[in-house]
Amino acid sequence: MQTSVTSSLANWLLSADPKQRLRIQRSLLAANVFLACCGLQAYAVWMGFMNAQDATWLSGAIVANCLLWYAVLRSGLNQRFADPALTLPQILAALTIIIGAYAVTGPVHGSTMMLLVLVLVFGVFNLQPRGARIAAGYTVVAMGVAQGLMMARDPVNYPFKLEIVHFLLTAAIVPTISSLAAQLSSLRARLQSQKDELGQALVRIQILATRDELTGLVNRRHMMDVLHQHRKRLERTGHHRFCLALIDLDHFKRVNDTHGHGVGDEVLRNFAVIAQKALRDTDVLARWGGEEFLMLLNDTSTEQANVGLERVRDMIAGAPMSSAVPELRATFSAGLTAYDCAEPLDACIERADRALYAAKAAGRNRTAVEQAPAPASTSTPANAAPQRQSDAASII
Ligand SMILES: Nc1nc2c(ncn2[C@@H]2O[C@H](COP(=O)(O)OP(=O)(O)OP(=O)(O)O)[C@@H](O)[C@H]2O)c(=O)[nH]1
């Protein structure tokens with residue numbers, strides 16, 4: 001309960017979106033340093049290093065700056081910009097405040113230079129090379145201007161000899177940090193592009209492992225996984241019965257022999273496209289090997305599955321199968337059977353194969369159905385071998 005209150009409070013303060021949350025956390029981390037500076041100013045006023053009015057202005061600017069960035073990030077306004085982290089604007093604002101602090105902290109102004117470095121280090125992790133150059137250039141120029149002004153207004157606390165050392169230090173260190181930021185940025189870009197390439201390679205490997213290269217259909221190995229999943233679901237729920245149809249293109253050797261393998265390949269690809277269009281989205285068509293396909297017809301009886309197969313048959317019969325040989329048509333034979341959950345998958349596939357053989361033997365371009373064997377008794381184990389059906393497959 002307490003955890004959920006804490007996490008809702010954290011979501012409310014820092015956003016539930018992980019990216020926004022990270023941006024807000026980073027900004028608040030920087031704000032912590034700044035707010036600590038307000039404490040130091042109070043100390044400086046107390047010790048007489050700083051006058052109270054300057055400290056009030058400076059602390060006010062610091063608090064306003066922190067609140068402004070929190071409001072922009074928490075409201076999501078930042079997401080309208082090309083860099084939603086708003087790194088460069090936040091850094092420029094912070095640098096401006098620090099340079100202001102340099103100008104008003106009199107005898108202890110040298111200590112504020114450390115903060116310049118700290119702010120630029122924050123940018124190292126997020127700035128693009130151009131942003132890093134802008135931040136560095138701005139720091140050197142703005143520091144130069146502030147130092148010039150202060151040397152003229154308060155030469156006691158800002159003597160030329162000391163200021164020239166400060167300026168040279170700034171001019172040497174700041175560009176070094178900027179160049180480090182640029183190097184890190186290109187390293188990040190390289191890592192990102194390697195990550196993208198790896199992601200693409202992984203997708204390709206997954207496609208190669210599960211798809212048939214020629215037709216783009218599910219390949220035999222992946223189809224076995226799909227079948228096992230369906231079988232487990234059926235065992236667990238008792239629902240989603242399915243049928244299998246083994247399909248073989250008729251006289252396909254003739255297509256190859258007469259028109260060449262290229263045309264044969266085109267016929268296989270077209271068959272895959274047309275058959276998939278004719279099937280339901282929940283059905284799965286796999287290339288089983290050569291010119292053989294295995295069709296998984298979900299949530300259906302053999303009668304209904306056969307209606308689906310006939311739809312495929314009609315569409316294939318009317319479709320040109322090759323652009324090179326427009327008059328070429330294809331027919332197929334199919335062996336259809338229902339899966340019985342008390343049998344191994346192989347037994348069901350073998351039955352579909354037998355039915356296919358019967359369809360070929362009966363003259364091709366037809367579907368033969370072989371029914372699943374009736375269960376011998378209710379105590380038959382799930383992996384028991386099926387009983388052989390004595391009747392021949394029925395030809396449709
Ligand atoms: N073009 C092409 N042909 C293939 C591919 N895989 C298998 N084949 C061919 O498919 C043909 C299969 O021929 P058969 O098994 O004799 O059968 P069929 O000519 O279709 O005769 P029936 O099945 O009895 O109707 C062979 O010529 C194989 O070379 C393939 O990926 N591309």
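Any value given below was found using the heavy atoms of this structure, including those in side chains, with hydrogens, waters and symmetry copies removed. In listed order, ligands and their atoms are each counted from 1.
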Trainee: When clusters are formed by joining ILVMFWY residues with side-chain heavy atoms under 4.5 Å apart, either directly or through shared neighbours, do Val174 and Val117 land in the same one?
Mentor: yes
Trainee: Tell me, which pairs form a side-chain hydrogen bond (donor to acceptor under 3.5 Å, both in side chains) where one or both residues lie in residues 35-50, sequence neighbours left out?
Mentor: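 Listed once each, the pairs are Gln41-Ser59.
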Trainee: Ligand 1 versus Val255, non-hydrogen atoms closer than 4.0 Å: side chain, backbone, both, neither?
Mentor: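 Looking at Val255 and ligand 1, no heavy atom falls under 4.0 Å.
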Trainee: Considering only non-hydrogen protein atoms, determine which one is nearest to atom 13 (O) of ligand 1 and report residue, atom name and distance to 0.1 Å.
Mentor: Lys253 CB, 3.6 Å
Trainee: Are there more than 12 heavy atoms of other residues, nucleotides or ligands under 6.0 Å from atom OH of Tyr357?
Mentor: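 12 or below, so no.
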Trainee: Are the charged groups of Arg241 and Asp299 less than 4.0 angstrom apart, N to O?
Mentor: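 Between Asp299 and Arg241 there is no salt bridge, as every charged N stays at least 4.0 Å from the carboxylate O atoms.
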Trainee: Is there a polar contact, in the sense of an N or O pair closer than 3.5 Å, between Arg254 and ligand 1?
Mentor: no
Trainee: As an exercise, identify every atom of ligand 1 less than 4.0 angstrom from a heavy atom of Gly264.
Mentor: 1 (N)
Trainee: Among all protein heavy atoms, pick out the one at the shortest distance from atom 31 (O) of ligand 1; state its residue, atom name and that distance to 0.1 Å.
Mentor: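 Nearest neighbour among protein heavy atoms for atom 31 (O) of ligand 1, to 0.1 Å: Arg287 NH2, 2.7 Å.
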Trainee: Thinking salt bridges, do Glu370 and Arg351 make one under a 4.0 Å N-O criterion?
Mentor: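 The answer is no: the pair does not qualify as a salt bridge.
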Trainee: Can you pull out the closest protein heavy atom to atom 18 (P) of ligand 1? Residue, atom name and distance to 0.1 Å, please.
Mentor: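 Of the protein heavy atoms, Phe252 N, 3.4 Å lies nearest.
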Trainee: Please identify which atoms of ligand 1 are closer than 4.0 Å to at least one heavy atom of Asp250.
Mentor: 25 (O)
Trainee: Which of the numbered atoms in ligand 1 are under 4.0 angstrom from any heavy atom belonging to Leu268?
Mentor: 30 (C), 31 (O), 32 (N)
Trainee: For atom CD of Gln53, decide whether the heavy atoms of other residues, nucleotides or ligands shown that lie under 6.0 angstrom number more than 12.
Mentor: no
Trainee: Which residue and atom name correspond to the protein heavy atom nearest atom 14 (P) of ligand 1, and how close is it?
Mentor: Glu291 OE2, 3.9 Å
Trainee: Mind checking the CG-CD1 spacing from Leu184 to Ile177? Nearest 0.5 Å is all I need.
Mentor: 12.0 Å
Trainee: Hey, are Arg220 and Asp212 close enough for a salt bridge, meaning a charged N less than 4.0 Å from a carboxylate O?
Mentor: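 Looking at Asp212 together with Arg220, the answer is no, because their closest N to O distance does not fall below 4.0 Å.
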Trainee: How far is atom 22 (P) of ligand 1 from its nearest protein heavy atom, and which residue and atom is that?
Mentor: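 Of the protein heavy atoms, Lys360 NZ, 3.4 Å lies nearest.
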Trainee: Quick one: do Glu291 and Lys253 make a salt bridge, cutoff under 4.0 Å?
Mentor: no
Trainee: Is NZ or CZ of Arg313 both nearer than 6.0 Å to the six-membered ring centre of Phe332 and within 45° of the ring axis?
Mentor: yes
Trainee: Going by the order shown, which atoms of ligand 1 are within less than 4.0 Å of some heavy atom of Arg364?
Mentor: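 In order of numbering, the contacting atoms are 22 (P), 24 (O), 25 (O).
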Trainee: Nearest protein heavy-atom contact for atom 7 (C) of ligand 1: which residue, which atom, what distance?
Mentor: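 For this ligand atom, the closest protein heavy atom is Gly290 CA, 3.4 Å.
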Trainee: Counting only heavy atoms closer than 4.0 Å, does ligand 1 sit against the backbone of Glu266, its side chain, both, or neither?
Mentor: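 The answer is neither; Glu266 stays 4.0 Å or more away.
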Trainee: If you have a sec, work out which protein heavy atom is nearest atom 29 (O) of ligand 1 and how many Å separate them, to one decimal?
Mentor: Asn256 ND2, 3.8 Å
Trainee: Looking at non-hydrogen atoms alone, which of His251, His261, Glu213 comes nearest to atom 25 (O) of ligand 1?
Mentor: His251
Trainee: Answer side chain, backbone, both or neither: which part of Asp265 comes under 4.0 Å from ligand 1, heavy atoms only.
Mentor: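 The answer is both, backbone and side chain.
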Trainee: Going by the order shown, which atoms of ligand 1 are within less than 4.0 Å of some heavy atom of Leu249?
Mentor: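 The list of qualifying atoms is 20 (O), 23 (O), 25 (O).
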Trainee: Are there more than 12 heavy atoms of other residues, nucleotides or ligands under 6.0 Å from atom CG of Asp281?
Mentor: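 12 or below, so no.
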